[in-house]
There are 2 protein chains.
Amino acid sequence: MRKGAETRERILEIAEMSVLAKGFAATSIEEIIAEAGITKSGFFYHFKDKNELAHIMLKRYVCANDRVFDDVIERGHQLSDDPLQAFLISLKLLAEVMSDLPNGHPGCLIACICYQERQFDREVLNLTARSVEAWNARFRAILDNIALEHPPRDAIDFDDVADMLSCVVDGSIIMSKALNDPSRIERQVMAFRSFIKLLFLSTPQIRVPMPNSTGISETVN
Amino acid sequence: MRKGAETRERILEIAEMSVLAKGFAATSIEEIIAEAGITKSGFFYHFKDKNELAHIMLKRYVCANDRVFDDVIERGHQLSDDPLQAFLISLKLLAEVMSDLPNGHPGCLIACICYQERQFDREVLNLTARSVEAWNARFRAILDNIALEHPPRDAIDFDDVADMLSCVVDGSIIMSKALNDPSRIERQVMAFRSFIKLLFLSTPQIRVPMPNSTGISETVN
DNA sequence: GGAATACTGTACCTCCAGTACAGTTTTGGC
DNA sequence: GCCAAAACTGTACTGGAGGTACAGTATTCC
């Protein structure tokens with residue numbers, strides 16, 4: 001019975017857009033069902049209450065986001081064997097993905113929930129925390145891998161550098177909303193990329209032969 | 001008649017805390033007046049409706065935030081004549097101020113409003129945009145000033161670097177909320193500081209002879 | 001064709017934002 | 001101490017939304 005799943009998906013999509021634009025409490029069930037073209041009974045057939053809606057919506061969001069990260073990281077690795085170059089490519093791709101939305105980025109559901117945390121139960125809040133931790137751990141692993149071949153030029157904790165990517169993305173989404181300028185996200189991801197370049201590349205932008213131990217001498221922009 | 005101003009301030013403080021924890025729509029007037037120890041009529045004597053409350057609350061927040069930035073920037077300039085060193089000191093002070101809150105940072109009202117934008121009128125949204133622009137312009141001016149004496153090591157747009165501070169602060173506030181770890185904000189501001197160091201300081205921490213054209217070789221922490 | 005699935009319709013309850021407005025207390029200036 | 005403005009209180013109401021309950025109907029897949 002696939003039709004039920006379709007309706008469910010439609011409800012979730014409408015609800016997510018509304019929550020990101022107006023907040024959770026201001027998102028009325030009446031409005032969702034009006035847009036989805038169903039009745040209130042139909043809504044409560046799929047979700048036992050608004051809290052369950054939130055829970056399923058969040059799970060859906062986290063999965064979709066994971067897929068985006070998986071994709072850009074994988075494509076980075078496909079395009080370069082060097083972990084640093086691969087990550088720089090991934091960041092460029094991430095920047096592109098983020099700006100490739102017709103009406104600007106709708107927002108990060110995690111951030112949205114954090115600013116309305118008292119409205120949600122432990123389960124939802126735990127899921128937000130666990131997904132943020134998972135992303136941070138993932139970026140951290142990438143940095144460790146990079147450092148094996150490229151010694152960092154500043155004694156900064158890699159956990160903080162890893163965290164910074166999420167922070168920059170979430171922060172720039174807010175700025176893009178505040179200023180109604182979608183391009184800010186792309187530019188901020190690229191600014192973070194610049195930080196990574198400065199942190200790990202021993203050669204500045206202007207090309208010089210590299211006197212390092214490995215003897216690697218790759219082209220870098 | 002000073003008593004009115006006192007009540008007003010109490011309402012605004014309670015409302016702000018509630019809005020940052022639960023969102024605007026979920027912040028009930030009933031709850032505010034219960035905590036403030038007044039009646040509903042008392043509330044509507046001070047604010048003609050919830051929207052006016054939002055407007056005044058935001059103005060209050062922006063002023064308070066401006067004062068914090070003014071303070072750290074001024075103290076930075078008092079402690080060093082070099083614009084780069086002054087900014088690095090300001091960032092350190094900012095990191096300290098951000099983490100110096102007993103129950104963690106309550107949140108950024110601007111970010112909170114951006115994630116509930118459909119609930120607010122043009123006036124409120126314009127005020128959020130104008131304050132973000134003002135902060136960005138301010139940081140940009142500082143960077144221009146630094147660049148006069150310290151040439152940047154990467155061809156990055158200073159507007160983006162300036163924006164990045166707000167992004168990192170807002171993003172790290174979200175992360176500190178998501179993970180219930182107030183220290184993330186301080187660490188992220190310090191990570192941004194590291195970026196500034198790498199961008200403008202010509203000598204990295206681990207001393208190696210640099211085969212660059214300028215021949216500059218300064219001691220740096 | 002039948003059973004599970006996917007809904008609709010109706011009726012009802014509670015809570016809260018917001019409105020309206022008359023009445024009362026408190027405060028500060030003279 | 002008086003008085004007027006300021007700072008409230010009390011009461012009563014409207015409307016909309018979340019949520020419940022449950023019987024009935026249509027659709028879909030096997």
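In what follows, chains are A, B, ... by sequence order, proteins preceding strands, each numbered from 1.
For the pair B:Phe43 CZ and C:dT19 P, the computed distance is 11 Å after rounding to whole Å. What separates CZ of A:Phe44 from C1' of C:dG9 is a distance of 15 Å, to the nearest Å. As a whole-Å value, the separation of B:Glu30 CD from C:dC16 P is 6 Å. Atom pair B:Ile33:CD1 and D:dA7:P shows a separation of 18 Å (rounding to whole Å applied). One atom, NZ of A:Lys48, and another, C1' of D:dA21, lie 16 Å apart when rounded to the nearest Å. In this structure, B:Arg10 places its CZ atom 13 Å from P of D:dA7, rounding to the nearest Å. Taking atom CZ on A:Phe47 and atom P on D:dG19, their separation rounds to 13 Å, with Å as the unit. In this structure, the CG atom of B:Asp49 is 11 Å from the C1' atom of C:dT19, given to the nearest Å.
Residue contacts for A:Ser41: at a heavy-atom cut-off of 4.0 Å it reaches a base atom on one of the strands shown. Counting any heavy atom pair closer than 4.0 Å across all strands shown, A:Lys50 reaches sugar-phosphate atoms only and no base atom.
An OP1 or OP2 oxygen of C:dC7 is reached within less than 4.0 angstrom by a side-chain nitrogen or oxygen of A:Thr7. Put simply, B:His46 has no side-chain N or O that comes within less than 4.0 Å of OP1 or OP2 on D:dA7.
Evaluation of atom-type donor-acceptor distances gives no pair under 3.5 Å for the side chain of B:Lys40 against the base of D:dG10.
Under the salt bridge (Lys or Arg N to Asp or Glu O under 4.0 Å) test applied with A:Arg184, the options B:Asp170, B:Asp157, B:Asp163 reduce to a single match, B:Asp163.
Side chain to side chain, A:Asp159 and A:Asn136 fail the donor-acceptor criterion of an N or O pair below 3.5 Å. With 3.5 Å as the limit, one finds a donor-acceptor pair spanning the side chains of A:His150 and A:Asp82. Remark: the A:Trp135 side chain and the A:Asp66 side chain contain an N/O donor-acceptor pair separated by less than 3.5 Å. In this model, a donor atom of one side chain and an acceptor atom of the other lie less than 3.5 Å apart for B:Asp181 and B:Ser183.
The A:Thr39 side chain lies nearest to C:dG9 when the options are D:dG19, C:dA17, C:dG9. Nearest nucleotide to the side chain of B:Tyr45, out of D:dA7, D:dA17, C:dC7: D:dA7.
Closest approach of B:Ile38 to B:Phe43, counting heavy atoms only: CD1-N, 3.9 Å. Contact record, A:Tyr61 with A:Gly107: OH-O, 4.0 Å, taken as the closest heavy-atom pair.
When the C1' atoms of four end pairs are superposed on the next four at each end of the helix from C:dG1-D:dC30 to C:dC30-D:dG1, using five pairs per end, the two resulting axes differ in direction by 30°, to 10°.
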